[in-house]
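Structure first, then comments.
In this text the structure is predicted, and so the values were computed from the model without any measurement.
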Amino acid sequence: MSKPRITIKDIAKELKISTSTVSRALTDKWDVNPETRKAVLELAEKFNYKPNPISQNLKRKESRFVGVVVPEFINSFFSEVIIGIQSVLEPEGYLVLVTQSNESYENERKNIKALEERMVDGLIVSVTQETQNADCFNYLVENNIPLVFFNRICPTISTSHVIIDDYKWAYKAVEHLIKQGYKRIAHLMGPENLLVSKKRKEGYLTALKDYSLEINEELIIPCGIMMESGVVAAYKILEMPALPDAIFAVNDPVAIGAMKTLQKHGKRIPEDVAIVGFSESKMAMIIEPNLTSVEQPTFEMGRMAAELLLEQVNSNKDDKCYAKSIILDGQLNIRESSISKQLTSK
């Protein structure tokens with residue numbers, strides 16, 4: 001059985017002085033008698049006294065905890081970002097508390113409230129597909145609680161964020177399909193309230209316009225962001241009188257769900273339908289054929305988000321810490337799922 005922790009009260013009782021005097025002696029305050037200070041320090045060393053870190057942090061109005069709220073852990077994307085966050089915060093003496101919202105706004109709100117009540121020094125958040133109400137984020141900003149968004153942001157909140165150039169890389173993904181000779185390109189679109197979905201759809205549409213291809217509303221299929229959404233979308237495609245010859249999906253899980261369903265129904269990838277995803281999941285290089293996808297710098301995204309948060313945490317609360325927008329670059333990794341029919345036949 002472990003010995004009970006020695007407290008300031010124990011030292012005060014032994015020396016027959018007040019706890020406040022002990023506290024001031026231990027923190028080397030100027031108004032403590034030198035002999036009293038010497039007695040306190042000697043007894044503290046004898047008792048092997050260790051200050052309570054929680055109490056110390058509360059006095060300094062900091063907890064040395066940072067909260068991270070992510071929408072899901074099904075895919076490797078968010079865990080890789082968290083590794084980047086930890087690489088910055090842990091060497092600075094912070095512990096990272098991670099919660100996941102299971103793509104539920106209600107869970108997200110509860111997670112944020114729980115972390116705020118535990119007096120975290122700041123929060124790093126990627127919002128859920130359901131998030132439309134920004135009240136809880138407004139509360140954080142209004143109460144000077146440091147907040148940084150990453151990947152999925154709340155555009156109505158003025159705070160720092162780290163994202164990828166979703167528009168640019170969606171454009172490049174669709175441009176790749178066009179240059180491979182595909183003309184009837186479908187888009188499996190993510191939830192409309194997510195900014196990443198809007199930007200990727202814009203990139204898709206602009207690429208079609210720039211290459212004078214017809215924009216067919218039938219080929220823009222609203223989806224979620226899970227694999228099951230890709231399965232449902234694939235069945236809608238299979239019911240079309242004329243199948244698209246290529247698909248650009250909002251993310252890899254949707255792309256993979258669609259691919260496996262089309263294959264199940266006898267469609268060859270890419271000979272019948274080419275497919276491109278977005279996010280470079282680990283599954284992209286495991287499934288057959290390997291999936292062409294836009295790779296996002298996950299570790300760098302986490303690292304930058306943590307640095308932006310520290311900037312807020314360390315700022316003078318009386319000075320306005322201006323919101324910063326960090327837009328990272330990506331990379332299109334071309335694999336078998338999108339190689340041209342003409343090229344594969346050569």
Side-chain angles (χ1 to χ4, degrees), residues 54 57-58 61-75 77-79 81-82 84-86 88-89 94-164 166 190-199 224-226 251 301-302 304-327:
I54 296 176
N57 288 337
L58 287 173
K61 295 186 178 179
E62 60 180 20
S63 68
R64 308 303 289 181
F65 290 115
V66 166
V68 176
V69 184
V70 298
E72 48 95 352
F73 277 136
I74 296 172
N75 305 298
F77 177 89
F78 291 106
S79 59
V81 173
I82 290 168
I85 291 171
Q86 290 173 319
V88 171
L89 294 179
Y94 289 89
L95 288 177
V96 179
L97 305 179
V98 181
T99 65
Q100 72 97 12
S101 304
N102 198 28
E103 293 293 0
S104 161
Y105 168 70
E106 185 61 26
N107 287 343
E108 177 180 75
R109 188 184 62 80
K110 288 178 181 177
N111 288 338
I112 291 169
K113 186 173 186 293
L115 290 168
E116 189 267 329
E117 287 176 348
R118 282 160 179 75
M119 299 180 67
V120 294
D121 293 334
L123 290 110
I124 300 175
V125 180
S126 186
V127 303
T128 76
Q129 63 177 333
E130 294 182 355
T131 303
Q132 297 186 52
N133 188 322
D135 289 351
C136 62
F137 300 120
N138 273 320
Y139 172 83
L140 297 175
V141 172
E142 289 169 1
N143 286 274
N144 293 319
I145 298 172
L147 171 67
V148 173
F149 289 116
F150 73 93
N151 181 237
R152 305 187 201 166
I153 71 174
C154 205
T156 60
I157 302 297
S158 179
T159 193
S160 294
H161 59 259
V162 186
I163 58 175
I164 188 177
D166 291 284
E192 290 192 43
N193 57 294
L194 286 180
L195 186 62
V196 294
S197 301
K198 293 178 181 177
K199 291 296 183 182
I225 50 180
M226 297 300 189
N251 65 9
M301 185 174 284
M304 291 299 302
E307 289 185 355
L308 288 175
L309 188 78
L310 282 181
E311 188 175 295
Q312 292 185 36
V313 169
N314 296 328
S315 68
N316 186 333
K317 297 299 182 186
D318 295 328
D319 295 334
K320 183 174 178 60
C321 191
Y322 291 99
K324 294 183 179 179
S325 175
I326 306 295
I327 302 176

**OP:** Please round to the nearest 0.5 Å and tell me the distance separating atom CG of Asn102 and atom CD of Glu130.
**Re:**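 Atom-to-atom, Asn102:CG and Glu130:CD are 9.0 Å apart.
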If only atom types and distance count, is the side chain of [X] paired as donor or acceptor with the main-chain N or O of [Y] below 3.5 Å?
{"X": "Ser126", "Y": "Phe150", "answer": "yes"}
{"X": "Asn107", "Y": "Gln100", "answer": "no"}
{"X": "Asp121", "Y": "Arg64", "answer": "yes"}
{"X": "Gln312", "Y": "Leu147", "answer": "yes"}

Taking side chain to side chain donor-acceptor pair (under 3.5 Å) as the definition, give me every residue that meets it alongside [X], ordered by chain and number, with sequence neighbours left out.
{"X": "Glu103", "answer": "Arg152"}
{"X": "Ser101", "answer": "Asn111"}
{"X": "Gln129", "answer": "none"}
{"X": "Lys110", "answer": "none"}

**OP:** Identify, with sequence neighbours excluded, every residue that meets side chain to side chain contact (heavy atoms under 4.5 Å, CB included) alongside Lys199.
**Re:**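 Expected list: Asp166, Tyr167, Leu195, Glu202.
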**OP:** Quick one: closest heavy-atom pair of Ile124 and Ala306, and the distance?
**Re:**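 Closest approach of Ile124 to Ala306: CD1-CA, 4.0 Å.
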**OP:** Search all heavy atoms of Ile157 against all heavy atoms of Asn138 and return the closest pair with its distance.
**Re:**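 So the minimum-distance heavy-atom pair works out to CD1-OD1, 3.2 Å.
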Subject >> N-O pairing of Lys113 and Glu116 below 4.0 Å >> reply: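 The answer is no: the pair does not qualify as a salt bridge.
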**OP:** Write out all pairs satisfying ring pair (Phe, Tyr, Trp, His ring centres under 6.0 Å) with one or both partners inside residues 125-147, taking only residues at least two apart or from two chains.
**Re:**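 Every pair satisfying ring pair (Phe, Tyr, Trp, His ring centres under 6.0 Å) with a residue in residues 125-147: Phe137-Phe149.
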